[in-house]
K.L.:
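Shown below is the structure under consideration.
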2 protein chains.
Amino acid sequence: MASESATGAASRGAGDPPDVTLRQAQDRFIATWGKMGSAWGISRTMAEVHALLFITGQPMCTDDIMERLQISRGNASMSLRSLLDWGVVSRTHRRGDRKEYFGAEQDVWTMFRAIVRERMKREADPTLASLYEIRDMTAHLDAAGGAARAQGKKSRRSKSDAHESAPTLEATTEEHNRRLDEMLSFFQTVHSLSERFVSPTGRGLQLAATILGKAAS
Amino acid sequence: MASESATGAASRGAGDPPDVTLRQAQDRFIATWGKMGSAWGISRTMAEVHALLFITGQPMCTDDIMERLQISRGNASMSLRSLLDWGVVSRTHRRGDRKEYFGAEQDVWTMFRAIVRERMKREADPTLASLYEIRDMTAHLDAAGGAARAQGKKSRRSKSDAHESAPTLEATTEEHNRRLDEMLSFFQTVHSLSERFVSPTGRGLQLAATILGKAAS
DNA sequence: CGCTGATTTCAATCTTTTCTGAAACAATGC
DNA sequence: GCATTGTTTCAGAAAAGATTGAAATCAGCG
């Protein structure tokens, strides 16, 4: 019984003169979004739930979502929880209704800022930390002291290692360190960029992106 | 038998006085890279193969890779093929050796440009195409000829029809279109940005990114 | 409190993706 | 041609990941 509650948008198409086209457009959007999500390592269903909430603009309850997407209660609950964790969906309530409703962030830039923020936090930052640790493992073999650390200094390997003892091994380690430093430098740049993008004052970067993008198109 | 061919770096650690630390650092790098790859929708093994080739800097043959990563021949072959398709690994040969050797692109920025180029081509571009199609499905209901649309479909419908039957529906569709337009605009911006980054003259953006990144850190 | 209904959790199940290994397929040299 | 060495393909096996559904938990209310 609860599944056909009077939630407006969610169940409108069932009994009223339906706008079939709108419904189809929504469904295609949901499918597209889901496909893209799964290509980027996000569960398809989670992306679909988000797409549904975004494209309808209507806060919906768990039952609405279950019915519209034909998924189980558990799945819907899990997906919603994840979306809340990501900060792209928020809870709302209705007066005189004990159900929880969920609505998607409607501003596209804000939405992507949240996504970037979370992905950085979950994946890029740990990776960066690991890279630092790995770099430290071979720091003792640095030719020019620890200065190259953490700054991605691109030291061209010196040709003059006339160490007759183990030139190959040392040279190899030196190159290893150079590669790691370059990688670290790259990740630091990306990290800084993302912080700009993500920050509350990230509007500047948004504007820059828009201008850069427009100019190139 | 072929798996212990004398390929230098790949099998050095086995019999010679081994640089255990270097080997461990490489292994950790490979693991880190593999984990990150899988978080971004790339097969873990493929990422690991790439990591191995990148961090050693040494061109390696299929057998070297199989042994070092403990994977099957088929898997190694498939992963290498994919990496070649992505353009981050290239074939090399050695005089007097019929085997093929594979080496990773060593410049980090070039590498990421290749990755971005391929991902855009495979995922973002199709998504953008779908979004255009979806947008066209409801183009006839545009109130004011959507400026953000690219193909400029003419809306023949007069907006002031005063259909008293379904004002809500019209409003809903209008909002739907607005959301799609915002999404399209966002994707177009990202697309243009990526083209700048990816292009041969993409150095400009690389520089800009570096400066922006540095400034914010 | 304990009832009612909403929400979360989680082991079992199902689906999708990845991996293997051996056979088919080149390419090279004799 | 044909033996030899190296590469690719692909059907089935294995692993990883997603989904279900029912039981446990929680929250408001009389």
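Every heavy atom of this structure was used, including side-chain atoms; hydrogens, water molecules and symmetry mates were not. Residue numbers start from 1 in every chain, and the chains themselves are labelled A, B, ... in the order their sequence lines are given, proteins ahead of strands.
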K.L.:
Give a yes/no answer on whether the side chain of A:Ser43 brings an N or O atom under 4.0 Å of OP1 or OP2 in D:dT19.
P.N.:
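It does, given that an N or O in the side chain of A:Ser43 lies less than 4.0 Å from OP1 or OP2 of D:dT19.
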
K.L.:
For B:Glu100 and C:dA26, what is the distance between atoms CD and C1' respectively, to the nearest whole Å?
P.N.:
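For the pair B:Glu100 CD and C:dA26 C1', the rounded distance is 11 Å.
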
K.L.:
Below 4.0 angstrom from OP1 or OP2 of D:dT7, is there any side-chain N or O of B:Arg81?
P.N.:
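Negative; the distance criterion is not met.
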
K.L.:
In whole angstroms, how far is the C1' atom of C:dT9 from the CE atom of A:Met78?
P.N.:
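My rounded result for the distance is 6 Å.
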
K.L.:
Look at the aromatic rings of A:Phe186 and B:Phe112 and report parallel, tilted or perpendicular, splitting at 30° and 60°.
P.N.:
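Ring orientation, 0 to 90° scale: parallel.
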
K.L.:
Round to the nearest Å and state the distance from B:Leu80 atom CG to C:dT20 atom C1'.
P.N.:
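These atoms are roughly 16 Å apart.
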
K.L.:
Between A:Asn75 and A:Arg44, which is nearer to the 5' end of DNA chain C once each is assigned its nearest nucleotide?
P.N.:
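Going by which nucleotide is closer to the 5' end, it is A:Asn75.
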
K.L.:
Which residue, B:His50, B:Glu48, B:Arg44, forms the side-chain contact (heavy atoms from CB on, under 4.5 Å) with B:Trp33?
P.N.:
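Going through the options one by one, the only one that passes is B:His50.
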
K.L.:
Are B:Glu118 and B:Lys121 close enough for a salt bridge, meaning some N to O gap below 4.0 Å?
P.N.:
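Yes.
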
K.L.:
Should the pair B:Arg178-B:Glu174 be classified as a salt bridge under the 4.0 Å nitrogen-to-oxygen rule?
P.N.:
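No salt bridge links B:Arg178 with B:Glu174.
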
K.L.:
Using OP1 and OP2 only, check whether a side-chain N or O of B:Ser38 sits under 4.0 Å from D:dG17.
P.N.:
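Answer is no, no contact under 4.0 Å.
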
K.L.:
Closer to the 5' end of DNA chain D via nearest nucleotide, is it A:Gly41 or B:Gly74?
P.N.:
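Looking at DNA chain D, the more 5' nearest nucleotide goes with B:Gly74.
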
K.L.:
When you measure from the side-chain N and O atoms of A:Thr45 to the phosphate of D:dT19, is any distance below 4.0 Å, counting only OP1 and OP2?
P.N.:
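For A:Thr45, the contact criterion (side-chain N or O under 4.0 Å from OP1 or OP2 of D:dT19) is met.
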
K.L.:
Without decimals, in angstroms, what is the distance between A:Asp97 CG and C:dA6 P?
P.N.:
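Atom CG in A:Asp97 sits about 8 Å away from atom P in C:dA6.
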
K.L.:
Any side-chain N or O of B:Ser77 below 4.0 angstrom from OP1/OP2 of D:dT7?
P.N.:
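Result: no.
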
K.L.:
B:Ser72 side chain N/O closer than 4.0 Å to the phosphate oxygens (OP1, OP2) of C:dC19?
P.N.:
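For B:Ser72, the contact criterion (side-chain N or O under 4.0 Å from OP1 or OP2 of C:dC19) is not met.
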
K.L.:
Taking the nucleotide of DNA chain C with the closest heavy atom to each, which residue, A:Arg73 or A:Arg98, is nearer the 5' end?
P.N.:
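Mapping each residue to its closest nucleotide by heavy atoms, the 5'-most match is A:Arg98.
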
K.L.:
May I have the distance from B:His93 (atom NE2) to C:dT28 (atom C1'), rounded to whole angstrom?
P.N.:
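Checked: the NE2 to C1' distance equals 13 Å.
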
